[in-house]
2 protein chains.
Amino acid sequence: MNSEFTIAVHSLVLLAYRPDHMATSDMIAHNVSTHPARVRKVMGCLRKMGYVTTKEGSGGGFILCCDPAEVTLAEIYKTTSIGSIKPGWCSGDTGQDCMVACNMADVMEQIFTEAEMQLLAYFDKLTIQQVLERLREAQQDKV
Amino acid sequence: MNSEFTIAVHSLVLLAYRPDHMATSDMIAHNVSTHPARVRKVMGCLRKMGYVTTKEGSGGGFILCCDPAEVTLAEIYKTTSIGSIKPGWCSGDTGQDCMVACNMADVMEQIFTEAEMQLLAYFDKLTIQQVLERLREAQQDKV
DNA sequence: CTTACTGTAATTATATGCATTACAGTTGAT
DNA sequence: ATCAACTGTAATGCATATAATTACAGTAAG
């Protein structure tokens, strides 16, 4: 799976966690452990979906503008990673005589698409808020 | 996702389709569109699970020794690709002060593990035999 | 004893993913 | 009006992952 999904979830959770619901790409990148340019790319995606707004210029950054309890991981997966469970590599060969060889790619495509829908059904039950709660639980379990 | 899953499914379906339930790595590789050495590696995995037996030496090859209607894609996924939906890349940093940064890796790990169980639940309902039937349907739909 | 196979590991080639750099555009502060 | 601190985006470089290929020892049939 595409790791932009993880970055998107992490960024939204971080914004939800921060009292002012705001952070720069540098702050997010440091928290996520990646490069600010990569964060900005992912945030661009979240902005298009209306989950964050951008304040440009000095003193700017990203501002959460959605209710963390309303946004599900399914929506985030759809925008960042749809199709990513299917391997890039494709079995078979449509040019062959054999019924198996020439239809396998199509059938596996069907199967992966259905599998992805199962995944989405699960992600649809998880919100950003719930991820934040899980983080708090994980923190408590440590002590 | 790991493409060895696709190769394993394709190979088993092909063996199930062939009247003698037998084929060499060359034949399978040509049908799958990959290299015979790669097929032999995947088949080694299927042999360990008891789905095929090997006949070595001249005139040898791989022989299906299971009921295609009994073997599910879930079992195949478990042997070839378990853990492959989780991205290699990992968010956060356990060394940081921030509660979000230092627990995100663990929480995402949980989430991906649960997501994979959803996937397995779906694959558990699909057998090699059913994949073969889907191939026949796909073939029919073309005409 | 030769031919046709598998088993497995090592090597090479290619694709993908991530980090980094670069720079134009925007805004706030002085 | 100029500087400093940001975002947006594209291009480049680098590392890792994946697939193809090569190589060769081992095994069985004829």
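A, B, ... follow the sequence lines: proteins, then strands. Residue 1 opens every chain. Keep in mind that what you see is a predicted model, and the values were worked out from it rather than measured.
- For the pair A:Glu56 and A:Gly59, both in contact range of DNA chain D, the more 5′-proximal nearest nucleotide belongs to A:Gly59.
- Summary of the strand contacts: A:Lys55 and A:Glu4 both lie near DNA chain C, and taking for each the nucleotide with the nearest heavy atom, the more 5' one is attributed to A:Glu4.
- Atom CG of B:Leu46 is separated from atom P of C:dG7 by 11 Å (rounded to the nearest Å).
- Atoms CZ (B:Arg47) and C1' (C:dT6) sit 8 Å apart, rounded to a whole Å.
- For the pair B:Met1 CE and C:dT16 C1', the computed distance is 17 Å after rounding to whole Å.
- Residues from residues 11-36 of chain A lying near DNA chain D, meaning a heavy-atom separation below 4.0 Å, are A:Thr24, A:Ser25 in numerical order.
- Between B:Met43 atom CE and C:dC5 atom P there is a gap of 15 Å when expressed in whole angstrom units.
- Proximity of A:Ser58 to the phosphate of D:dC3: no side-chain N or O atom is located under 4.0 Å from OP1 or OP2.
- Separating the CZ atom of B:Arg38 from the P atom of C:dG7 is a distance of 17 Å, rounded to the nearest angstrom.
- Counted within 6.0 Å of NZ on A:Lys142, heavy atoms from surrounding residues, nucleotides or ligands total more than 12; the atom is thus considered enclosed.
- Following rounding to the nearest Å, B:Arg40 (CZ) and D:dT27 (P) show an atom-to-atom distance of 16 Å.
- Under a 3.5 Å cut-off, the side chain of B:Glu116 and the backbone N or O of B:Gly83 do form a donor-acceptor pair.
- Heavy atoms of B:Gly88 sit nowhere under 4.0 angstrom from any nucleic acid atom.
- Phosphate contact (OP1/OP2 of C:dA19, side-chain N/O of B:Trp89, threshold under 4.0 Å): present.
- Nucleotide C:dG7 holds its C1' atom 10 Å from the NZ atom of B:Lys48, rounded to whole Å.
- A 6.0 Å sphere centred on CE of A:Met99 holds more than 12 heavy atoms belonging to other residues, nucleotides or ligands.
- The hydrophobic cluster containing A:Tyr17 does not contain A:Ile63, counting ILVMFWY residues as joined when their side-chain heavy atoms lie under 4.5 angstrom apart, directly or transitively.
- Rounded to whole Å, atom C1' of D:dT18 lies 18 Å from atom CZ of B:Phe5.
- Here the closest heavy-atom approach between residue B:Val13 and residue B:Leu135 is recorded as CG1-CD1, 3.4 Å.
- Below 30°, between 30° and 60°, or above 60°: for B:Phe112 and A:Phe123 the angle between ring planes is above 60°, a perpendicular geometry.
- At a threshold of 4.5 Å between side-chain heavy atoms, the hydrophobic network of Ile, Leu, Val, Met, Phe, Trp and Tyr places A:Leu14 and A:Met27 in two separate groups.
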